[in-house]
Amino acid sequence: MRAIKKTIFAIVTMSALLLSSCASSSSGNNENVKTVPIKKSAAVYFSRVGNTEFADDVDAISSASLNRVGGELKGNAQMIAQWAADEAGCDSFEIVTDKSYPEDYDKTVDLAKDEKSAKERPSLKSSFDNIDDYDTIWLVFPNWWADLPMPVYSFFDKYDFSGKNIYVFVTHEGSGFSSTIKSIKELEPKANVVEALSIRGGSVNDNESSVRDYVKKQLEK
Ligand SMILES: Cc1cc2nc3c(=O)[nH]c(=O)nc-3n(C[C@H](O)[C@H](O)[C@H](O)COP(=O)(O)O)c2cc1C
């Protein structure tokens with residue numbers, strides 16, 4: 001079943017894939033985006049892990065998008081966010097929903113599809129109250145159905161990023177950024193939205209240096 005759904009994602013995004021290189025990470029064309037100098041940044045991320053109650057003995061080797069780091073279960077977006085936060089020496093915030101997503105991957109895929117069709121905004125447990133203190137966020141999330149997971153829509157409904165930089169990092173299984181950048185620009189029309197890196201879930205662990213180098217480069221600008 002999981003293989004079938006991955007095939008569907010691949011078909012949906014075939015045109016994007018044909019245009020992209022084989023590299024596991026890529027950064028986009030940001031020619032017209034003007035950013036403000038980075039003085040204080042925060043990493044903000046949404047991941048399946050952190051929004052799902054997994055059994056203690058869940059198999060992180062054969063399960064999609066799960067990593068075990070020092071015994072702790074971590075999602076792909078979470079790994080990327082932690083490298084970005086560590087490189088920037090900044091705070092890290094997780095987007096957490098009130099509800100829990102199903103442990104079963106396929107059920108989560110189906111539920112996310114329903115949420116997207118219903119334009120649902122799942123309520124958030126987490127808050128990011130001192131948002132005014134930050135001029136920049138390193139935003140990391142998984143591509144869900146060729147777009148932002150609906151909890152990331154909830155996040156943007158709640159907070160205003162006008163005049164701030166949003167560096168977007170997407171993790172995916174073949175679709176890359178899809179329509180995520182367009183969606184964020186619509187939700188935050190006055191923010192400086194930068195297509196940063198898209199990283200395949202299966203090769204997240206090979207991309208620590210590309211994430212760190214990318215963040216370092218932005219901080220040196
Ligand atoms: C609900 C759901 C929908 C997904 N939709 C897509 C998709 O449209 N395209 C794609 O390439 N990958 C898709 N994926 C795969 C994830 O984007 C990928 O596994 C990602 O690395 C997971 O990151 P995480 O561990 O931080 O949740 C989907 C995964 C889930 C759970």
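For ligands, and for the atoms within them, numbers begin at 1 and follow the listed sequence.
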### Salt bridge flag under 4.0 Å for residues Arg212 and Asp86
yes
### Summary
Closest heavy-atom pair, Val170 versus Gly176, reported as atoms and distance to 0.1 Å, is CG1-O, 3.6 Å
### Query
Ignoring hydrogens and geometry, is there a side-chain-to-backbone donor-acceptor pair from Asn51 to Thr97 under 3.5 Å?
yes
### Message
Taking distance alone, with N or O pairs closer than 3.5 Å, would you say Ala77 contacts ligand 1?
### Response
yes
Numbered atoms of ligand 1 (with element) below 4.0 Å of [X], judged on heavy atoms:
X: Trp145; answer: 3 (C), 4 (C), 5 (N), 6 (C), 7 (C), 8 (O)
X: Ala112; answer: 1 (C)
X: Gly75; answer: 25 (O), 26 (O)
X: Ser175; answer: 7 (C), 8 (O), 9 (N), 10 (C), 11 (O)
X: Ala146; answer: 7 (C), 8 (O)

### Task
Give the ring-plane orientation class for Phe128 versus Tyr134, where under 30° counts as parallel, over 60° as perpendicular and anything between as tilted.
tilted
### Task
On the 0 to 90° scale, with breaks at 30° and 60°, tag the Phe161-Tyr159 ring pair as parallel, tilted or perpendicular.
perpendicular
### Task
Using a 4.0 Å heavy-atom cut-off, say whether Phe141 meets ligand 1 through its side chain, its backbone, both or neither.
neither
#### Entry: Proximity flag Tyr101 to ligand 1, non-hydrogen atoms under 4.0 Å
no
### Message
Before you tell me yes or no, could you show the steps for Thr35 and Asn30 under side-chain contact (heavy atoms from CB on, under 4.5 Å), namely the whole-Å CA-CA distance, both residues' side-chain angles and the distance that decides it to 0.1 Å?
### Response
CA-CA 10 Å; Thr35 52; Asn30 297 302; over 6 Å; no
